[in-house]
Amino acid sequence: MDLRKVYLDNNATTPVHPEVFEAMCPYLKDYFGNPSSAHHFGRPLKVVMDEAREKIAEILNASPSEIIFCSGGSESDNIAIKGVALSNLNGKKHIVTSQVEHPAVLNTCRVLEKIGFEVTYIKVDQYGMVNPEEIKEAIKENTVLISIQHSNNEVGTIQPVAEIGTIAKERNIFFHTDAVQSFGKIPLSVNDLNVDFLSISGHKCSGPKGIGALYIKNGTSKLFPIISGGHHERNRRAGTENVPGIVGFGKACEIVKKDMKSGSKYLAGLRDSLHQKLAGSIPQTTLNGHPTKRLPTTLNIGIECVEGESIMINLDLQGVAISTGSACSSGTLEPSHVLTAMGVPHEKVHGSLRFSFGKMNTEEDVNYVAEILPPIVKKIREISPLWNK
Ligand SMILES: *Cc1c(COP(=O)(O)O)cnc(C)c1O
């Protein structure tokens with residue numbers, strides 16, 4: 001019998017939707033021109049790119065002229081954060097962000113610290129939530145940018161971005177949000193959120209890898225260009241455009257627009273079903289993340305007295321793909337910075353598992369995991385010196 005394969009790591013990446021693949025193919029083959037070329041091999045591609053731009057803009061309630069394409073979520077975060085910082089607006093050199101940001105934001109801020117910027121990393125509560133009051137208190141005379149994620153990729157907590165946006169607006173400070181995990185799953189309107197910059201990525205919403213976009217509010221002053229070169233993307237990001245990726249991203253947006261509402265409900269149903277089943281069959285589990293203000297895709301649970309890594313490997317052997325609360329870096333297991341910031345004790349961080357759902361998952365997937373996981377946990381606990389039966 002074939003091994004059942006269950007992919008529950010959709011926050012890491014999503015499979016490309018078959019319609020997205022179909023839409024991209026002609027642009028990897030026949031329509032190979034350079035969109036900057038004035039001849040007939042190039043010209044139509046500008047139109048195709050603008051159609052994709054319109055689809056993204058529509059979902060965000062933005063205008064197409066406010067969307068630029070780049071290589072993904074990481075680059076989008078970099079263009080916004082470094083772009084604002086290095087523009088050296090009136091010599092302002094202070095940035096406010098949070099302790100639970102994605103490495104694309106955190107490490108970008110750390111790089112800026114090395115060249116003379118000061119960064120305040122706001123802490124979060126037990127649910128991974130930022131308190132807007134603390135942002136207010138962290139603001140200084142020379143604060144140039146606030147960057148707070150829309151939702152967290154590890155635990156799914158959704159931040160009070162609109163409130164933070166209002167604070168930033170009142171103080172005339174640029175505001176960026178990394179909305180990579182939220183895009184396509186929950187409604188996002190740049191006007192309601194009061195953001196100047198918003199980052200998204202194709203491969204987290206059934207599009208291809210290597211394509212992302214940045215919303216830049218109309219009227220925003222000139223950004224220092226991180227990638228300099230030709231006049232692409234309104235002089236904001238040089239480089240010949242990834243036309244197949246852009247077309248695929250556009251198609252993914254078309255699907256998102258149609259399916260988001262029903263899709264989110266469906267995903268939340270699977271998420272809650274798995275949570276209920278595991279909480280009922282595995283003693284001493286806790287939910288990591290906000291109980292209600294959370295992405296429909298994300299279930300992160302802490303299981304006491306186990307190593308998440310051993311669970312992950314055991315599940316992998318039985319065809320199930322998930323993530324854990326530890327990241328393997330240089331041969332050692334680093335506890336997740338997100339769970340650590342939430343105050344989860346180290347041993348519990350190492351016993352945390354992230355299940356992230358996508359639209360091809362089914363209730364059968366949930367049942368399969370609910371069936372095979374409890375015996376794995378039991379086996380691992382039996383050999384754990386910490387577990388007293
Ligand atoms: C995946 C992810 C990114 C990075 O996006 P890439 O397209 O892989 O570079 C940034 N932020 C968050 C929250 C993510 O989940």
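When a ligand or atom number is given, it counts from 1 through the structure's own listing order.
Side chain to side chain, D9 and S323 meet the donor-acceptor criterion of an N or O pair below 3.5 Å. Side-chain contact annotation: H17 with S206, donor-acceptor N/O pair under 3.5 Å absent. A side-chain donor from one of E309 and T324 sits under 3.5 Å from a side-chain acceptor of the other. Defined by atom type and a distance below 3.5 Å, a donor-acceptor pair is missing between the side-chain atoms of T143 and K92. Q149 and S98 form no side-chain donor-acceptor contact under 3.5 Å, judged by distance and modelled atom types alone.
In terms of protein heavy atoms, atom 12 (C) of ligand 1 is closest to H102 CD2, 3.3 Å. In terms of protein heavy atoms, atom 14 (C) of ligand 1 is closest to K204 NZ, 3.1 Å. Residue, atom and distance of the protein heavy atom nearest to atom 11 (N) of ligand 1 are D178 OD2, 2.6 Å.
Both tests do not hold together for R271 against F357: distance to the six-membered ring centre under 6.0 Å, angle to the ring axis within 45°.
Between S74 and ligand 1, a contact under 3.5 Å exists for at least one N or O pair. For ligand 1, the polar-atom distance check against S151 finds no nitrogen or oxygen pair separated by under 3.5 Å. By the 3.5 Å distance cut-off applied to N or O atoms, G73 is counted among the residues near ligand 1.
In this structure, H232 contributes its side chain and G239 its backbone to a donor-acceptor pair below 3.5 Å.
Counting atoms of ligand 1 from 1 in the listed order, those under 4.0 Å from a heavy atom of H203 are 6 (P), 7 (O), 8 (O). Shown in contact with G72 at under 4.0 Å from a heavy atom are these atoms of ligand 1, numbered in order with element: 7 (O).
At a heavy-atom cutoff of 4.0 Å, ligand 1 is contacted by the side chain of S201 but not by its backbone.
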